[in-house]
Amino acid sequence: MTHHDEPRGRASNFIRNIIVEDVNANKNGGRVATRFPPEPNGYLHIGHAKSICLNFGLANEFNGTCNLRFDDTNPGKEDVEYVDSIQEDVKWLGFDWEDRLYYASDYFDRLYAFAVELIKNGKAYVCSLTAVEIREYRGTLTEPGKDSPYRNRSIEENLDLFERMKNGEFDEGAHVLRAKIDMASPNLVMRDPTLYRIRKMDHHRTGDQWVIYPMYDFTHCLSDSIEGITHSICTLEFENNRELYDWVLDNVSAPCHPRQYEFARLNLSHTIMSKRKLLRLVEENYVDGWDDPRMPTLCGLRRRGYTARSIRNFCERIGVARRDSMVDLALLEHCLREDLNDVAPRVMSVLRPVRVVLLNYPEDQVEMLECWNHPVDKSMGTRRVPFSKVLYIEQDDFREDPPKKYFRLAPGREVRLRYAYYIKCVNVVKVPDTDEITEIHCTYDPETKGGWAKDGRKVKATIHWVSASHCLTASVRLYDHLFTTENPSDVEEGKDYLDYINQNSLETLTDCRLEPGLKDASPGQRFQFERLAYFCADLKDSKPGAPVFNRTVPLKDAWGKIEKKMKK
RNA sequence: UGGGGCGUCGUCAAGUGGCAAGACACAGGAUUUUGGUUCCUGCAUUCGGAGGUUCGAAUCCUCCCGCCCCAGCCA
């Protein structure tokens with residue numbers, strides 16, 4: 001057992017239970033086939049990760065397959081930019097569709113043939129009502145709809161019209177193909193749903209080959225059937241569509257009849273998942289783009305420094321159920337720290353520096369001190385860090401007038417410099433007018449090299465440091481939650497989610513002093529800056545020689561908690 | 001107000017008639033050269049509510065309450 005293992009014991013959930021039963025009953029010959037079917041109209045986010053992990057995870061677990069299929073039936077909204085980013089993100093998450101990359105648009109010919117079959121069987125008709133009229137004829141939640149005046153066109157006329165729709169003889173909106181089901185159905189989805197519409201637009205894959213495009217409800221079930229999907233897993237809002245999913249497959253010579261199961265989509269506290277709302281954050285420059293490290297997109301999380309494994313573990317832990325829920329961001333962060341704690345090498349960096357001069361340390365002496373890269377996993381080895389007379393420590397690690405329970409450096413107090421020496425504060429130098437501390441004078445105890453006192457005396461704190469003449473100056477970005485409220489989608493009267501954006505979600509520090517070894521960090525490389533947080537060299541802005549770090553997630557902070565409590 | 005769903009700890013979530021798993025969060029404590037990690041301990045006499053069936057109910061029945069989804073030629 002190593003920390004690289006996925007969590008043993010997968011959590012039970014209703015979909016897995018269904019699959020177990022199906023496999024035991026030898027349904028579909030014991031075969032399990034799922035698919036992840038994104039529409040290429042936006043970037044994938046952590047909510048999609050839940051679905052990806054579910055579909056690919058189940059397939060892996062039952063020795064089945066999971067296809068990646070682009071649901072690209074709406075050329076007006078879709079773009080290759082998205083099909084590329086989606087593939088990159090699914091791969092990054094750690095899943096492999098092997099040679100099973102499909103597009104609903106690959107099935108346009110077969111879909112058209114199925115539509116013709118429906119018409120021939122009197123189960124579909126060309127309707128020439130306008131969009132507005134169709135809505136009016138649909139009725140309401142409580143009143144039944146009315147039949148379209150075109151509902152009883154002859155099969156021949158329907159066939160002719162549909163073919164001419166395909167041939168581009170009509171303008172957009174002139175006609176649609178509709179299923180002939182039941183205008184009085186209590187399920188609005190079943191009131192003669194639209195199957196095809198005219199869209200005179202280039203499609204990112206089929207170009208100008210088609211001017212009619214199939215709707216989701218017609219396309220999805222048939223695509224599943226064509227691919228031999230056994231379990232078609234989607235989110236709860238498609239529950240009403242299941243009746244139509246089954247109707248289409250039952251009324252056409254479909255190769256097989258997959259079963260649809262719905263689960264609740266993920267909601268995460270302090271963020272939003274709506275593509276529309278995320279798009280607005282990007283377009284109105286509330287963030288730096290889809291991959292801004294504050295975004296819940298997979299590319300954003302990746303840039304923030306999240307590991308794919310932590311996201312997979314998170315998806316496993318939140319479970320799969322049918323009730324609407326809101327998962328605490330703290331759980332995601334817990335999964336992140338859990339992973340990073342094991343794999344991130346430790347390093348010392350001072351974010352808000354204050355000078356420390358060791359009065360009794362030889363002027364030009366430099367010692368290379370051996371430091372562990374990981375406190376527990378010694379296999380990660382050691383590194384040498386330069387130590388000298390003038391150092392930087394964290395401003396937070398010194399208090400001229402220390403409060404109760406504060407046990408870091410203060411006048412007259414002794415602390416340990418990690419892996420170095422015990423030092424004692426003997427004087428504080430301040431700017432005369434302001435109270436700004438410019439320098440802390442200390443003495444060091446040469447008998448404590450490495451951080452151990454031969455006489456056995458203890459110190460209450462160990463703090464990190466960096467040698468002033470050797471360290472590297474760099475920018476570090478401190479990220480925080482994007483929203484100040486737990487649920488930005490459910491907000492006070494008269495306000496909207498933009499009113500709850502956290503104005504302090506990004507703080508850029510430009511005068512940080514890092515351990516010299518960090519100079520050549522490669523973009524994407526992760527570290528723990530000891531006692532502070534996990535950081536990641538930015539994928540875009542960090543260059544070897546000139547690193548820029550993003551704070552991925554802070555370490556738990558017991559002192560911060562105590563301090564907060566004392567202030568109350 | 002039609003139809004379809006859902007209600008188990010602060011947050012997720014197992015549980016499908018035999019007497020409320022687990023995780024996060026939270027609170028204590030131990031160990032610690034990261035106030036980190038790790039390790040202990042505590043945390044639902046009760047499952048939206050009220051009745052009923054049963055020796056026994058979160059699980060079955062009845063009624064009530066609350067929340068979500070559906071009236072795109074979006075997915």
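No hydrogens, no waters, no symmetry mates; every other heavy atom, side chains included, goes into these values. None of the values given here were measured: they were computed from a predicted structure. Numbers restart at 1 for each chain; the letters A, B, ... are given by sequence-line order, proteins then strands.
- Distance, A:F14 CZ to B:U8 P: 16 Å, rounded to whole Å.
- Residue A:R199 places at least one side-chain N or O under 4.0 Å from the OP1 or OP2 atom of B:C74.
- Between A:F527 atom CZ and B:U34 atom P the separation is 21 Å, expressed in whole Å.
- Atom name P, nucleotides B:U8 and B:G3: the rounded distance is 25 Å, in whole Å.
- Spacing between atom CZ of A:R135 and atom C1' of B:C74 amounts to 14 Å, rounded to whole angstrom units.
- Side-chain nitrogen and oxygen atoms of A:K275 include none within less than 4.0 Å of the OP1 or OP2 phosphate oxygen of B:A75.
- Heavy atoms from other residues, nucleotides or ligands lying under 6.0 Å from CZ of A:R276 number 12 at most.
- If you take atom P in B:U31 and the same atom in B:C24, they sit 23 Å apart, rounded to whole Å.
- Checking B:C24, B:U34, B:A27 against the side-chain heavy atoms of A:P375 singles out B:U34 as nearest.
- Annotation: B:U45 and B:G22 have their P atoms spaced 15 Å apart (nearest Å).
- Within 4.0 Å of A:N241, counting heavy atoms only, lies at least one base atom of the nucleic acid.
- Checking the phosphate oxygens (OP1, OP2) of B:C73, no side-chain nitrogen or oxygen of A:T130 falls inside 4.0 Å.
- Taking the six-membered ring where tryptophan is involved, the planes of A:Y406 and A:W559 are perpendicular, since the angle between them exceeds 60° and thus also 30°.
- In this structure, the CG atom of A:L331 is 7 Å from the C1' atom of B:A23, given to the nearest Å.
- Spacing of C1' atoms, B:C26 relative to B:C43, comes out at 8 Å, to the nearest Å.
- When the side-chain nitrogen and oxygen atoms of A:N17 are compared with OP1 and OP2 of B:G15, one or more of them lie within a distance under 4.0 Å.
- Residue A:R346 places its side chain closer to B:G36 than to any other of B:C74, B:C73, B:G36.
- Rounded to whole Å, the P atom of B:A44 lies 14 Å from the corresponding atom of B:A23.
- Among the nucleotides B:G35, B:C74, B:A23, the one closest to any side-chain atom of A:Y406 is B:G35.
- Among B:G4, B:A75, B:U34, the nucleotide with an atom closest to any side-chain atom of A:N240 is B:G4.
- Judged by distance alone, the side chain of A:H45 and the main-chain N or O of A:M273 form a donor-acceptor pair under 3.5 Å.
- Among the nucleotides B:C12, B:C73, B:A71, the one closest to any side-chain atom of A:L188 is B:A71.
- Between A:R197 and B:A75 there is a side-chain N or O to OP1 or OP2 distance below 4.0 Å.
- The side chain of A:F407 lies closest to B:G35 when the candidates are B:G35, B:C24, B:C73.
- Within the nucleic acid shown, A:A321 comes within 4.0 Å of sugar-phosphate atoms alone, with no base atom in reach, counting heavy atoms only.
- Atom CD in A:E237 sits about 16 Å away from atom C1' in B:C67, given to the nearest Å.
- In this structure, A:K200 contributes its side chain and A:G168 its backbone to a donor-acceptor pair below 3.5 Å.
- In this pair, A:F527 and A:F549 present their aromatic rings perpendicular. The plane angle is above 60°, beyond the 30 to 60° band.
- B:G72 adopts a syn glycosidic conformation, its chi angle falling within 90° of 0.
- Considering only side-chain N and O atoms, A:R138 lies under 4.0 angstrom from the phosphate OP1 or OP2 of B:C73.
- Evaluation of atom-type donor-acceptor distances gives a pair under 3.5 Å for the side chain of A:R408 against the base of B:G35.
- Each of A:N13 and A:D328 was matched to the nucleotide of RNA chain B holding its nearest heavy atom; the match closer to the 5' end belongs to A:D328.
- Using modelled atom types, one side-chain atom of A:R346 and one backbone atom of A:A344 make a donor-acceptor pair closer than 3.5 Å.
- Of the nucleotides present, none pairs with B:A25 by Watson-Crick or G-U wobble criteria with both distances under 3.5 Å.
- For B:A75, there is no paired base (Watson-Crick or G-U wobble, both distances below 3.5 Å).
- Distance CZ (A:R337) to P (B:U38): 11 Å, rounded to an integer number of Å.
- The aromatic rings of A:Y82 and A:Y43 stand perpendicular to each other, their planes meeting at an angle above 60°, with 30° marking the opposite boundary.
- Remark: A:R323 is not in phosphate contact with B:C12, judged by side-chain N or O atoms under 4.0 Å from OP1 or OP2.
- In terms of phosphate contacts, A:K556 brings no side-chain nitrogen or oxygen within less than 4.0 Å of OP1 or OP2 of B:U34.
- When distances run from any side-chain atom of A:D324 to the nucleotides B:C68, B:G5, B:C24, the shortest one goes to B:C68.
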Quiz item: Hey, mind stepping through A:E394 and A:R408 against salt bridge (Lys or Arg N to Asp or Glu O under 4.0 Å) and telling me if it holds?
Solution: CA-CA 11 Å; A:E394 211 69 62; A:R408 277 111 94 149; over 6 Å; no

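- Across B:G49 and B:G42, the matching P atoms stand 27 Å from one another, rounded to whole Å.
- B:U46 and B:C40 are spaced 29 Å apart, taking the P atom of each and rounding to whole Å.
- Contact between the side-chain N/O atoms of A:S185 and the OP1/OP2 oxygens of B:G3 is not found at any separation under 4.0 Å.
- Taking side-chain N and O atoms only, A:H464 has no distance below 4.0 Å to OP1 or OP2 of B:U34.
- Within the shown strands, nothing qualifies as a pairing partner of B:U45 under the Watson-Crick or G-U definition with both distances less than 3.5 Å.
- B:A58 and B:U41 have their P atoms separated by 27 Å, with the value rounded to a whole Å.
- With respect to A:R69 and A:E227, a salt bridge is recorded, a charged nitrogen being found less than 4.0 Å from a carboxylate O.
- On a pure distance criterion of 3.5 Å, no polar donor-acceptor pair joins the side chain of A:N187 and the base of B:G2.
- When the options A:F218, A:F114, A:Y213, A:Y125 are evaluated for a ring pair (Phe, Tyr, Trp, His ring centres under 6.0 Å) with A:Y196, the one that passes is A:F218.
- Closest to the A:L141 side chain, of the nucleotides B:G4, B:C24, B:C70, is B:C70.
- When heavy atoms are screened at a 4.0 angstrom cut-off, A:K405 is found touching base atoms of the nucleic acid.
- Atoms NE2 (A:H175) and C1' (B:C73) sit 13 Å apart, rounded to a whole Å.
- For A:K565, whose side chain is taken as the heavy atoms from C-beta onward, the closest listed nucleotide among B:A71, B:C74, B:A27 is B:A27.
- Considering only side-chain N and O atoms, A:R322 lies nowhere under 4.0 angstrom from the phosphate OP1 or OP2 of B:G5.
- Checking B:A50 for Watson-Crick or G-U wobble geometry (two distances, each under 3.5 Å) identifies B:U62 as its partner.
- Going from atom CG of A:L340 over to atom P of B:U34 covers 19 Å, rounded to whole Å.
- Heavy-atom nearest nucleotides on RNA chain B were determined for A:I318 and for A:L129, and the one closer to the 5' end corresponds to A:I318.
- If you check every strand for non-hydrogen atoms under 4.0 Å, A:Y213 touches nothing.
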